[in-house]
Amino acid sequence: MATETKEKPSAAAKGFQPLGDRVFITYTEELERTAGGIYVPDSAKEKPQRGMVQAVGKDVKNLKVGDQVLFDKYSGSKLKLQDEDCLILKEEDVLGVFTS
C-alpha cells in the first residue's frame, strides 16, 4: 500500500501554550490506498497516527515545534480548533520522531 501525506502549518496553535510535559499536535492527513487504487479511511485502520508538533510545554525535553511524530491512535485528548483536528498529549505518549 502506498501512503500519501499532506502537511500544512496550523493556525490553530497560534496563542496556545501547552503546560508541563504536554505537546500540541495537529494531524497530518494520511491517505492510504490499496494496489487497486481504493483509499482506506483512517477509521478503518488500527495503527498509530502521524502528526506535526505545533507547540510544546516548558518541560518537554525531546521534541520541538515542526517535528513529525508518531503516536498511538487512542492517546491524548482530541479537540477541534479553528476547524482543525488537534491533539494534546504527554511527551511520553509520543512513540517516535521521523528524521527524514
Colleague: Mind checking salt bridge (charged side-chain N to carboxylate O under 4.0 Å, His left out) for K80 and listing every partner two or more places apart, or none if nothing turns up?
Modeller: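 With sequence neighbours excluded, K80 shows a salt bridge (charged side-chain N to carboxylate O under 4.0 Å, His left out) to D85, given in chain and number order.
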Colleague: If hydrophobic clusters are built from ILVMFWY residues whose side chains come within less than 4.5 Å, do F16 and V65 share one?
Modeller: no
Colleague: Can you see which heavy atom on K78 is nearest to which on L87, and at what distance?
Modeller: CG-CD1, 3.7 Å
Colleague: Taking Q49 for its side chain and V69 for its backbone only, find out whether a donor-acceptor pair lies under 3.5 Å.
Modeller: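 Checking the backbone N and O of V69 against the side chain of Q49, no donor-acceptor pair under 3.5 Å is found.
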Colleague: Please report the closest heavy-atom contact between T26 and C86, naming both atoms and the distance.
Modeller: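 Looking at all heavy atoms of both residues, the closest pair is CG2-SG, 4.0 Å.
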Colleague: Sort out for me which residue in V53, D72, N62, L63 forms a side-chain contact (heavy atoms from CB on, under 4.5 Å) with V94.
Modeller: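 Of all the options given, the one that passes is L63.
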Colleague: Identify whether F71 and V97 are in the same connected component of the hydrophobic contact network (ILVMFWY, side-chain heavy atoms under 4.5 Å).
Modeller: yes
Colleague: If you take all heavy atoms of S75 and D93, which pair is closest and at what distance?
Modeller: CB-CB, 4.3 Å
Colleague: Are side-chain heavy atoms of R50 and F98 found at a separation under 4.5 Å?
Modeller: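 Yes - at least one pair of side-chain heavy atoms lies under 4.5 Å apart.
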Colleague: Do you know the tightest heavy-atom contact between D21 and D59?
Modeller: N-CB, 3.9 Å
